[in-house]
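These notes are about the structure you will find just below.
Source: prediction; values computed, not measured.
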Amino acid sequence: MSPRRATSGGLIDRSRSVRFSFDGQDFAGHPGDTLASALLANGVSLFGRSFKYHRPRGVLGAGVDEPNALVTVLRGEAREPNVQATMLEIHDGLKVVSQNRFPSLGFDVGALNQLGGKLLGAGFYYKTFMGPVFGPLKGTRFWMFCEHFIRRAAGLGKAGVAPDPSRYERMNAFCDVLVVGSGPAGLIAARAASQNGARVILAEQDARLGGSANWSGASIDAQPSTEWAAGMVRELSAMPNVTLLPRTTVWGYYDGNTMAALERVADHKAKARPGEPRQRHWTIRAGRVVLATGALERPLVFPGNDRPGVMLASAAERYAGEYGVLPGDKVAVFTNNDAAYRSALALREAGCRVVAIIDPRETISEQARALAVRTGAEILTGRAVTGTEGGKTISGVRMQVFDAASGAVSGDPRTIEADCLLMSGGWSPVINLASQAGAKAEWSERLQAFLPPKDASGWVGAGAFNGAFTLAEALAEGLAAGGKSGSETPDVAGDELEVAPAHVLEIEAAGKAFVDFQHDVTADDVRLAHREGFQSVEHLKRYTTLGMATDQGKTSNVSGLAIMANALGRQIAEVGTTRFRPPFAPVTIGALAAERYGEIRPERLTPMHDWHLARGATMYSAGLWHRTMIYGLPGETVEQAYVREAKTTRETAGIADVSTLGKIMVQGSDAANFLDRVYTNMFSTLPVGKARYGLMLREDGLVLDDGTTWRLGEQDFLMTTTTANAGKVMQHLEYMLDVVWPDLKVQLTSVTDQWAGASIAGPRARDILAACVTGTEVDNETLPFMGIVYGDIAGAPVMICRLSFSGELAYEVYSGAGHGTHVWEALIAGGKPYGLVPYGLEALGTMRIEKGHVTGAEIDGRVTARDLHLDWMLSKKKPFVGSMMMDREGLVAPDRLQLVGIVSLDNRPLNGGAHIVEELDRDNPHGSIGHMTAACYSPVFGRHIGLALVKGGKDRRGTRAFISDPLRKRFGPVEIVSHHFYDPEGKRMHG
């Protein structure tokens, strides 16, 4: 290894050094270096081993397109694999190790895979599913044998198992204009938009804003492009309506100009500041999006194109111009377009010796030839590289005469001594985000690249993204995208080169020529896929894994399509391309989860949640909500607690938090008509200020959900649903409006989180309410059953409806979520003289079982209204969702499972899910006639009771059967009774 840092140049801070380690060896770089530039500066050319063949690999690119130089970053016990060395900024103490090698990077026994040759070609893992036959290893047995080894070999970096100690954040942002990319086009677009008064966010994936202006050597407005870019950044930083986001990758484009972005806040620091996250995930909602994402250079496909020391020409130019790093001492260039000639001159001026420029074109432009002459290199047109020489780094380049018409090489090979080969196969605009937004790519025959469509919605492109590769074009398009006149375009000076490439992407010669570097996909693999019938671009991608690695084929897609098109005898435009999907670049799961981790599902808390915890409540999950199970006293079991709570509620009064009930506003001139259609019973006749119990069916005639709906005005209804089914009901209603009845003038709004709710039940409930409420009476005349009144409790406005789930005199009190705890505490204080107790779901479940009310345990997606004895709610005056299907033969059969009550005759507990049988057989349980849906100990009856669904249940009332629960070893006699255990006439709740 010999140092290759140029004596001058670059934007790094040469006054300070940064110490880091790679594979246990210490190195030094400078602030501003990436790991790739720092290692190259130290003479390191070997960065890793390839995925399948374990071939030695070096750096190919200089940015987010890098497929080879993937490393694992060690942070204490945590490890992050597959980090691109080109995107990783060095800092003091950084520890990095190479991947996919054993025992070391220099000596990797996995390199023996190269001897496997065609055995490891495209689809080899699929073929092992089918054989071959080796003695007893036949068919899938052979796959089972191979699977262990294939799985161990798969993947690149090794994921860690230690917890990630890093902190992550989420951020929501809104702007008028989001500019993605801070090259010359992006910078001038951001300034133009901000000068027009727009709120602007400028996101750049690199640490340094400016893009190609930082290393191109161009001149803008009579100053070096680096100085122009720095001045633009200073100007934008001073604007109050501009937010600059360096180190931020916009990785996803979603509906309504909603963009997902990842900001690397502290990855470049030895230690984050107190409270500072490692990464921040942004959700940006923009009025308009400017895509100035530039273009990526493509490699050429020829044997040995993956050897360390072979890299993209633009990457080498960037290493020299931005980092002051020389990629080699003797540099050869292989290009099919003029852009690489500028790169060759930049390297010559940085201190490299450019020995040859090899170009398959017979003639080149005068501008390119002039640049080549200035490099002092030998100009070899009509030639092509047919191989490279060397071991873990390149030592020479073989070339032959090339016939552009036939694509064949001829003549004796000539070897040129070189320790670095730069290649350029043309440019691919970065249209990934536009593709995610739904844009269909358009093929440009001139540029041999896919371009975004000319007509777009929500976004506008600028610069190389549009295929505008000259600096003057990029600046003009950036101004227009930002809303300014083209007359304000800055003056530029420099060589404006033609970047349109020759139609040459592959040189066919002996040896492995790689298309997808990260997944070791060769040109022969693409042709094999063609021969085996995998000719669709989607099939090609999946069969060969072309473009399926972490780089998503940024450097390989077009070359792979070109080879397939050639095999098919078609044009690339006919073959097409796959759809780009998010994320554009890898995103850490920690950043997506941000502050929420440890539980996969989101958590929903009621406004009174902290009050419950402070009073010793035991919580459990009900759907996504945290709900109170019991308010246990010291020494109480769960059963003792809920029995006490239920008994006290029946005797005096109890209060429960019902904020979790689904609440949906149904509004509009057709709201009543809509409810008549989705409910089985009539709601258009419901008076204002009253509520009604409702039942919904699915279109197949089975029960969807039940609940109450309150009529707050002529066109305003508040629908309540069960906690667990709130989302399902909302989805059902929206489907009906959007698809079935789009002509109805109805608006749906989920207001579940806007209302806090408390249910007061028991003989003293009215007294407690009267003591707390002002502005209304709550007597039987003013507030009859299912009536609604409005008032205030402790100064907070409330809405009260008299309805009961427990079977007792009960009221539901709703207030704004912000007043929830305040109202709750006022009710608790008002009920103290009457013995009011808070009760949880266990007590609520006990009282609803005693009353015979149904919940999701009974509404399990298989029952009808008749099964639940709710056929009295099926209107005969109107059609409704499910009415056409509810009378099918199978849904009215006499032996259907019907709701019944169950009483334990041996006074032992019952369990939900236990089977009901007519004859008990402990050794061979069989003959189930139904199952328990819910069970409890009833403090009213002093017995264990439950609800069940039993075949022909209505006719079995008064008969005996048995519980058969072999998993819990519970067997015993039971009696089948009516599901209405408690107050079947309803006198208590109507009192």
Regarding [X] and [Y], does a basic nitrogen lie under 4.0 Å from an acidic carboxylate oxygen?
X	Y	answer
Asp13	Arg16	yes
Asp520	Arg49	no
Asp206	Arg247	no
Glu322	Arg208	yes

Hey, what's the ring geometry for Phe302 with Phe334, parallel, tilted or perpendicular (30° and 60° as the breaks)?
perpendicular
Aromatic rings Tyr323 and Tyr319: how do their planes relate, parallel, tilted or perpendicular, breaks at 30° and 60°?
tilted
Given side chains that start at C-beta, do those of [X] and [Y] come closer than 4.5 Å, heavy atoms only?
X	Y	answer
Val310	Ile394	yes
Arg57	Phe514	yes
Pro67	Leu60	yes
Asn305	Phe517	yes
Trp427	Arg298	no
Phe534	Leu540	no
Thr249	Val64	no
Leu300	Val385	no

Gap between atom [atom2] of [Y] and atom [atom1] of [X] - 0.5 Å precision:
X	Y	atom1	atom2	answer
Gln25	Phe20	CD	CZ	9.5 Å
Asp551	Asp65	CG	CG	8.0 Å
Leu46	Phe22	CG	CZ	7.0 Å
Met259	Trp459	CE	CH2	11.0 Å

Salt bridge (Lys or Arg N to Asp or Glu O under 4.0 Å) partner of Glu80, chosen from Lys158, Lys95, Arg75
Arg75
Kindly determine whether Glu297 and Leu312 satisfy side chain to side chain contact (heavy atoms under 4.5 Å, CB included), including the steps that lead there.
CA-CA 7 Å; Glu297 195 169 25; Leu312 296 172; 3.8 Å; yes
Residues, nucleotides or ligands: over 12 heavy atoms within 6.0 Å of Phe102 CZ
no
More than 12 non-hydrogen atoms from neighbouring residues, nucleotides or ligands closer than 6.0 Å to CG on Asp26, yes or no?
yes
Return yes if some donor-acceptor pair links the side-chain N/O of [X] with the main-chain N/O of [Y] below 3.5 Å, else return no.
X	Y	result
Asp164	Ser166	yes
Ser45	Thr393	no
Ser216	Ser212	yes
Thr86	Ala62	no
His519	Thr545	yes

Smallest separation among heavy atoms of [X] and [Y], with atom names:
X	Y	result
Tyr253	Asn257	OH-OD1, 2.5 Å
Thr248	Ala261	CG2-CB, 3.8 Å
Arg4	Leu40	CB-O, 3.8 Å
Arg5	Ala38	NH2-CA, 4.5 Å
Asn82	Gly157	OD1-N, 3.1 Å

Without hydrogens or angle criteria, can the side chains of [X] and [Y] be said to hold a donor-acceptor pair below 3.5 Å?
X	Y	result
Arg101	Ser98	yes
Ser395	Glu389	no
Thr522	Asp525	yes
Glu317	Trp215	no
Tyr168	Arg278	yes
Glu506	Ser559	no
Asn68	Gln518	no

Quickly, which of Gln84, Lys554, Met87 forms a side-chain contact (heavy atoms from CB on, under 4.5 Å) with Glu66? Name it, please.
Gln84
Can you list the residues that meet the salt bridge (Lys or Arg N to Asp or Glu O under 4.0 Å) rule with [X], with sequence neighbours excluded?
X	value
Asp516	none
Arg264	none
Lys269	Glu276

Qualifying salt bridge (Lys or Arg N to Asp or Glu O under 4.0 Å) pairs, either residue in residues 575-593, two or more places apart
none
Pairing residues for His530 by the ring-ring contact (aromatic ring centres under 6.0 Å, His included) criterion, not counting sequence neighbours
none
By ring-ring contact (aromatic ring centres under 6.0 Å, His included), which residues pair with Phe450, not counting sequence neighbours?
Trp443
CA sep, side-chain torsions, deciding dist, call: Val73, Leu94, side chain to side chain contact (heavy atoms under 4.5 Å, CB included)
CA-CA 8 Å; Val73 179; Leu94 175 67; 4.0 Å; yes
Criterion side chain to side chain contact (heavy atoms under 4.5 Å, CB included) on Val301 and Ile507, from CA distance to verdict:
CA-CA 6 Å; Val301 180; Ile507 308 300; over 6 Å; no
